[in-house]
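Here's the structure we're looking at; comments come further down.
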Amino acid sequence: MGKMFKGCLTGVGALVLVIIIIVIIVSVTGGGDEDSSGDGSNNENSSEESNSSGEEESEEQTYSTGEEVQVGDVTYVINGMETSDTAGMEGMESEADGTFIVLDVEVTNNGSEAVTMDSSYISLLSDGNTYEADGANSELFLEQVNPDSTISGEVAFDVNPDVAEAEDLQAQLNEGIFGNNSATVNLSE
């Protein structure tokens with residue numbers, strides 16, 4: 001019985017040690033954020049430098065409708081844009097709360113494995129705002145695309161009518177849910 005009690009204490013001791021290590025890691029990680037935010041002047045400058053270099057990079061990666069846009073292993077082509085009061089599958093159309101901006105999109109998988117394409121990988125940008133796709137009224141919803149295959153469909157956005165006429169309207173194309181790559185297409189040309 002003494003050996004069993006001693007083994008239990010060793011197991012409990014190991015558990016307590018693991019918990020202490022986790023608390024230390026969380027404290028150090030959280031404490032690092034507090035320390036770095038404490039010196040705001042240096043962080044603001046480094047953030048501004050990061051943003052300005054990121055802006056330059058995004059300016060270099062701006063495309064036009066009809067152009068092939070490589071984002072990771074996927075190539076997008078936005079063939080056109082139109083506005084409509086309704087969108088969705090024929091016979092099941094929905095009325096827009098504002099106006100639907102509908103993008104005609106082609107997606108090609110250049111990778112070696114199938115990818116799942118979703119309308120959420122495309123968003124609209126205008127006047128500093130980001131507009132998400134209306135997945136229920138978009139044709140590209142969790143579509144499987146095999147290597148060397150192309151799918152096409154419409155992606156709808158229910159937006160204020162003024163957005164559809166904005167001169168700075170752009171589409172942001174993302175690699176996927178976990179991807180970091182993106183590109184921008186000017187829609188108002």
Side-chain angles (χ1 to χ4, degrees), residues 50-189:
S50 298
N51 287 342
S52 69
S53 65
E55 288 171 10
E56 291 171 10
E57 189 173 305
S58 71
E59 287 177 17
E60 295 173 2
Q61 295 182 4
T62 301
Y63 300 89
S64 300
T65 56
E67 285 187 301
E68 288 189 353
V69 181
Q70 184 76 29
V71 183
D73 287 339
V74 175
T75 300
Y76 290 92
V77 177
I78 296 182
N79 294 312
M81 177 189 93
E82 62 182 32
T83 59
S84 177
D85 293 331
T86 61
M89 294 180 7
E90 191 173 326
M92 299 177 62
E93 293 97 357
S94 295
E95 293 266 335
D97 291 330
T99 297
F100 279 117
I101 293 177
V102 182
L103 301 180
D104 177 14
V105 181
E106 280 182 29
V107 180
T108 302
N109 179 0
N110 301 312
S112 59
E113 296 181 11
V115 296
T116 302
M117 177 59 204
D118 190 61
S119 59
S120 65
Y121 301 163
I122 302 172
S123 53
L124 293 180
L125 306 173
S126 178
D127 194 30
N129 296 320
T130 301
Y131 302 91
E132 300 299 326
D134 183 348
N137 292 304
S138 297
E139 294 175 352
L140 299 178
F141 178 71
L142 299 177
E143 293 286 327
Q144 197 75 2
V145 186
N146 284 315
D148 303 320
S149 296
T150 300
I151 62 168
S152 60
E154 294 181 339
V155 178
F157 300 84
D158 193 351
V159 297
N160 180 313
D162 294 338
V163 175
E165 297 174 13
E167 291 184 20
D168 68 339
L169 189 62
Q170 297 178 317
Q172 182 175 14
L173 311 173
N174 296 299
E175 181 176 10
I177 197 162
F178 298 113
N180 292 325
N181 297 323
S182 66
T184 306
V185 176
N186 286 328
L187 299 173
S188 303
E189 295 181 342

Evaluation steps, side-chain contact (heavy atoms from CB on, under 4.5 Å), between V155 and S138: CA-CA 4 Å; V155 178; S138 297; 3.8 Å; yes
side-chain contact (heavy atoms from CB on, under 4.5 Å) evaluation trace for V185 with E67: CA-CA 9 Å; V185 176; E67 285 187 301; over 6 Å; no
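One distance of note links CE of M81 with OG1 of T65; it measures 9.0 Å at 0.5 Å rounding. Atom CD of E132 sits about 9.0 Å away from atom CG of L124, to the nearest 0.5 Å. Rounded to the nearest 0.5 Å, atoms CD1 (I78) and CG (D104) are 9.5 Å apart. Distance check: T99 OG1 to E82 CD gives 12.5 Å after rounding to the nearest 0.5 Å. To the nearest 0.5 Å, the span separating CG on D148 from CG on N110 amounts to 7.5 Å. From S120, atom OG reaches atom CG of L142 across 7.5 Å, with rounding to the nearest 0.5 Å.
Counting only distance, with no hydrogens or angles, the side chain of D134 and the backbone of A156 share no donor-acceptor pair below 3.5 Å. Between the side chain of Y63 and the backbone N or O of V77 there is no donor-acceptor pair closer than 3.5 Å. Q70 contributes a side-chain N or O that, together with a main-chain N or O of G72, makes up a donor-acceptor pair within less than 3.5 Å.
Nearest heavy atoms, V107 versus V145: O-CG1, 4.5 Å. Annotation for Y76 and M117: closest pair CE2-CE, 3.7 Å, computed over non-hydrogen atoms. The two residues Y131 and V159 come nearest to each other via the heavy atoms CD2-CG1, 3.9 Å.
Not a single side-chain hydrogen bond (donor to acceptor under 3.5 Å, both in side chains) links N146 to another residue, sequence neighbours left out. Taking D73 as the reference, nothing meets the side-chain hydrogen bond (donor to acceptor under 3.5 Å, both in side chains) condition, with sequence neighbours excluded.
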Donor-acceptor list for residues 163-170 side chains, cut-off 3.5 Å, not counting sequence neighbours:
from: D168; atom 1: OD1; to: S126; atom 2: OG; distance (Å): 2.8
from: D168; atom 1: OD2; to: D127; atom 2: N; distance (Å): 2.6
from: Q170; atom 1: NE2; to: N186; atom 2: OD1; distance (Å): 2.7

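Counting only heavy atoms from C-beta outward, the side chains of D118 and F141 approach each other to under 4.5 Å.
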